Amino acid sequence: MARSNILNELTATSLRDKVYELMAQLPNNKVTTYGDLAAMAGYPYAARIVGGIAHNGALDLPWHRLVNAKGGLAVGFPGGQEAQKQLLEQDGIFCDAQWRIIDFEERRWKPV
DNA sequence: CGAGTGACCGCAA
DNA sequence: ATTGCGGCCACTC
């Protein structure tokens, strides 16, 4: 039983807090999508909110590891996709000329 | 408190 | 394959 129940102990009153927790436990060598993150929070169709949270939530969370369902880098990322690409490379993640995460399906973070 | 907006997603032509 | 449209919920102003 270990700490795989992190989500269960979350008493997040808002989706935002949940997203933060999820991002906090997101491995540095993996990526996730807005949709998956929202789905984990309990709202499969709340992908937009996750994006809004990322936009407004200027915390120290690794938002650059967030990509869209197509495995592509975010369009509205501050600094552009090139900036996000650089950040991803720092974490050992690479993407092609189409701004797509390489081996995206394998890099996709899978909750325990 | 009310209205608008959004770093998205999925489906249809 | 690409382009366009609507919809979902929460957050901000």
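Note on naming: letters A, B, ... go to the chains in the order of the sequence lines (proteins, then strands), and numbering restarts at 1 for each one. Keep in mind it's a predicted model, so treat the numbers as computed, not measured.
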Could you list, one pair per line, each protein nitrogen or oxygen that sits under 3.5 Å from a nitrogen or oxygen of nucleotides 1-5 of chain C, together with the distance?
none

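Separation of atoms CG (A/Leu66) and CG (A/Leu88) is listed at 10.0 Å; rounding is to 0.5 Å.
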Going 5' to 3' along nucleotides 8-13 of chain C, which nucleotides have protein heavy atoms under 4.0 Å from the base (write B), which only from the sugar-phosphate (write S), and which from neither (write -)? BBSSS-

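Judged by distance alone, the side chain of A/Arg65 and the main-chain N or O of A/Pro27 form a donor-acceptor pair under 3.5 Å. Distance alone, capped at 3.5 Å, places no donor-acceptor pair between the A/Gln81 side chain and the A/Val75 backbone.
Between A/Leu37 atom CG and B/dG6 atom P the separation is 21 Å, expressed in whole Å. Rounded to whole Å, the distance from OH on A/Tyr34 to P on B/dC8 is 6 Å. Atom pair A/Met40:CE and B/dC9:C1' shows a separation of 15 Å (rounding to whole Å applied). Atom-to-atom, CG of A/Leu66 to P of B/dG6 comes out at 18 Å; the value is rounded to the nearest Å.
With salt bridges taken as basic N to acidic carboxylate O contacts below 4.0 Å, none links A/Arg107 and A/Asp103.
For A/Tyr45, the OH atom is loosely surrounded, since the number of other residues' heavy atoms within 6.0 Å does not exceed 12.
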Output, in order, the C-alpha distance, side-chain angles, deciding distance and verdict of side-chain contact (heavy atoms from CB on, under 4.5 Å) for A/Tyr20 and A/Ile53. CA-CA 9 Å; A/Tyr20 285 135; A/Ile53 291 167; 4.2 Å; yes

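When side chains are defined from C-beta on, A/Trp109 counts as touching A/Gln25, because their heavy atoms get closer than 4.5 Å. Put simply, the side chain of A/Met23 reaches to within 4.5 Å of the side chain of A/Trp63, judged on heavy atoms.
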